[in-house]
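Remarks on the structure that follows.
Source: prediction; values computed, not measured. A note on names: the letters A, B, ... follow the listed sequences, proteins ahead of strands, and every chain is numbered from 1.
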Amino acid sequence: MSKITYSIFGSSLVEVYTGMSMYKLLLALATLQLTCLPTCSLNLFYHAYFEGPSCPAYHTIHTMICLPGDQIDFPKQDLTLGPGFLDDPLAADPIPIVAGEVHRTDPEDKKTKNQNLVYIDSDTRRYIPAVNDNVIGTVTTRHAEGYKVSVSDLSPGVQLNAMAFPNASKKNRVNLANDALVYARVSSASREVEAEIECIDPQSGKAGGYGELKDGFCFDAPIAFTRQLLFKGHTVLDTIGELVPFEIAIGVNGKIWVKSEDVPTTLKIYQCIDKCREWPEDQVRENVEQIMSAP
Amino acid sequence: MISINDRKFLTEALKVSKRLDGRSMEEQRPMEVTFGSQFGHVELTMGKTKVVVRISAEITKPNERRPFEGIFVVHTDIGSMASPIFENNHQSEQEIMISQVVEKAVRRSGALDLESLCIVAGKKCWEIRADVHYLDFDGGLVDATCAAVMAGLYHFKKPDVDVDGGAVTVCDMEERHPVALSVLHLPVSVTYGLFELKNDETNEVEKVECVLDCTAIERQVQNAEITITINKNRDICQISKPSGVSIEGYRIVELCEKAFQEALKVTEMIDKALKEDEEMRNKGNWKALLSAENDRYEK
């Protein structure tokens, strides 16, 4: 299968396999819209599809959309497979198991430790714990060794050991009430065993921001959006920060906790973050100012 | 499941008369009704709550104890499609409560004239069936269902029948105009959540706040809920307050008055949507052209 890359709109490019049916193109488009990318227009997509090589960004690989079971023709040997790929030892190529954008890090880049990493950014509704994820959970039960914590509603809970806090000992235990909120790091996650979280920063051995979240308000957001907020940031957070001081904790399990000096301000911050996905980039400041200055 | 932080935050916000979505205490989320191409196919959205109702008609044998009446059934099957809190093929207490309140609001309130559904007494009658599908859940299921079923009943048309002695012929929809159901009134359900607001220091209940049209997250904090079904003629069809914190009688009277105002709005919204749909279907005014009252020959 040969592939051609088309530009859809300014910043984002989509790679289209020539063997792709129109049905698949539409699916890819739907995926694009789901993965909290700027909304792209169907007309432009068709335009790019039929215009072919005369498109300005022909041959540039920037973003690639894949669907589960797609054939991805980069060999597996020197790749590190990230989320979204099935590492089947028998297959020569990595097999995508979710629909979304394929990302590949640059091996020359020192930031990513020269890893040749591929992963798929997709918009899933259910959170599956993965090691080193920062999550916000709710304590559901307390038992002798620690707590059972729910990181996504109506999914199996995860364990939070009573010793997984900084300076914790048998005598010095952290006391969490039922239904309390904790910000924690996933310390172990495998398909067969219950996942575990801990409230220690592994680098320093200290709390490092993890621990119980007191007061404030915690709300649900799309998982892909929380990832975007945590890893790439968003102008909405900077803009709110310029206007009022506030605290925020972002869990990649699709939960965001905010706290500020009083309830009405927290409420406004919640409204800004909740609505900002619908705002174009250049209107964020205007809208935030409008919401924050409302009585 | 809701954390202590959120529970506290929501009640604190209510104390200063603020709600998460910026609505006031007595503001209902706007309902929007769209009709499908077929009669009795209604899609209703209210905020994030989304309900689809399909009305269908079938000829069956009437109930032996009520030979002169047709049958009207409402099927409310809330599955995990709406929200994972509802299990498929298993009715939770909450679901049973919702279906009972809906049943009372639209069926037992006598909104549909059952006697008009009789074809041959004791032998044949129409069975009108309303299937309610819940596509998304964000509170207010009773209110949304009630409005959607009523809009469906107004919109639905059953095929005309010919009765010749004992023989019943169902006429084709193309051949004869289908017949609208005889709907006697339009009951509207209005649900208030009751919240106990406590004093910070003494921890005593200061007042009970009545909040209209609670969302899913507000429902988890509320201490009780009261559903009032009322129509635009000020007939109260039901007041349902199954459990929870108590409320004074005079406040229920107040709530009924407020519910009446909401009922007027919903009735108006449904009327408007029905009128628009009717206009869309009657493009070119074919109904007037085809009327039997017209002169046969052009003068």
Side-chain angles (χ1 to χ4, degrees), chain A residues 125-127 136-141 147-157 176-183 212-222 247 249 251 253-275 290-292 294-295, chain B residues 1-25 27 29 47-50 78-90 92 94-95 135-139 195 197-200 206 209 211 214-223:
Chain A
R125 301 293 290 273
R126 182 182 293 275
Y127 173 70
I136 298 176
T138 320
V139 175
T140 49
T141 38
Y147 306 94
K148 184 126 188 173
V149 176
S150 148
V151 287
S152 63
D153 288 349
L154 304 141
S155 289
L176 295 175
N178 269 343
D179 293 342
L181 280 180
V182 279
Y183 192 49
E212 187 182 357
L213 300 171
K214 287 190 178 123
D215 299 328
F217 177 55
C218 178
F219 56 93
D220 291 345
E247 284 179 63
N253 54 337
K255 298 207 185 291
I256 301 172
W257 172 86
V258 284
K259 183 187 174 183
S260 70
E261 50 182 5
D262 55 8
V263 172
T265 319
T266 312
L267 201 62
K268 285 175 191 167
I269 296 173
Y270 153 71
Q271 283 165 353
C272 289
I273 299 176
D274 192 41
K275 286 178 189 156
Q290 198 192 338
I291 290 183
M292 297 307 288
Chain B
M1 216 191 53
I2 185 163
S3 63
I4 32 180
N5 306 47
D6 289 4
R7 191 178 287 274
K8 195 176 160 203
F9 181 81
L10 284 173
T11 34
E12 290 297 316
L14 282 181
K15 278 184 194 168
V16 290
S17 299
K18 297 255 184 218
R19 288 172 79 176
L20 276 187
D21 42 13
R23 278 185 289 156
S24 74
M25 298 292 125
E27 193 177 339
R29 287 171 285 177
K48 279 183 194 151
T49 299
K50 197 171 194 181
I78 314 174
S80 50
M81 171 94 175
S83 158
I85 62 169
F86 302 111
E87 266 177 69
N88 282 340
N89 307 321
H90 173 262
S92 66
Q94 193 189 0
E95 286 174 60
L135 303 188
D136 211 345
F137 169 70
D138 192 19
F195 295 78
L197 300 183
K198 286 179 178 157
N199 188 303
D200 292 332
E206 269 189 336
E209 184 77 68
V211 178
C214 291
T215 56
I217 187 165
E218 285 169 333
R219 278 178 60 93
Q220 289 180 296
V221 186
Q222 75 188 12
N223 303 91

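- Only the backbone of A:K214 comes within contact range of chain B, with heavy atoms under 4.5 Å apart.
- The two atoms that bring B:G79 and B:F86 nearest to each other are O-CB, 3.6 Å, heavy atoms only.
- Across A:C218 and A:I136, no two heavy atoms sit closer than the pair SG-CG2, 4.0 Å.
- Of the atoms belonging to A:L267, heavy atoms from both backbone and side chain fall under 4.5 Å from chain B.
- In this structure, chain B has a heavy atom under 4.5 Å from the backbone of A:N178, while its side chain stays farther away.
- Looking at A:T266, both its backbone and its side chain come within 4.5 Å of chain B, counting heavy atoms on both sides.
- Heavy-atom distances place the side chain of A:D153, and not its backbone, under 4.5 Å from chain B.
- Only the backbone of B:R19 comes within contact range of chain A, with heavy atoms under 4.5 Å apart.
- Using a 4.0 Å cut-off between charged nitrogen and carboxylate oxygen, A:D179 and B:R7 do not count as a salt-bridge pair.
- Side-chain contact between A:V263 and B:K18 is absent, with no heavy atoms from C-beta onward closer than 4.5 Å.
- Residue contact with chain A, scored on non-hydrogen atoms closer than 4.5 Å, involves the backbone and the side chain of B:I85 alike.
- Between A:F217 and B:F9, the two ring planes are parallel [angle under 30°; tilted spans 30° to 60°].
- B:R219 places no side-chain N or O within donor-acceptor distance of the main-chain N or O of B:G139, the cut-off being under 3.5 Å.
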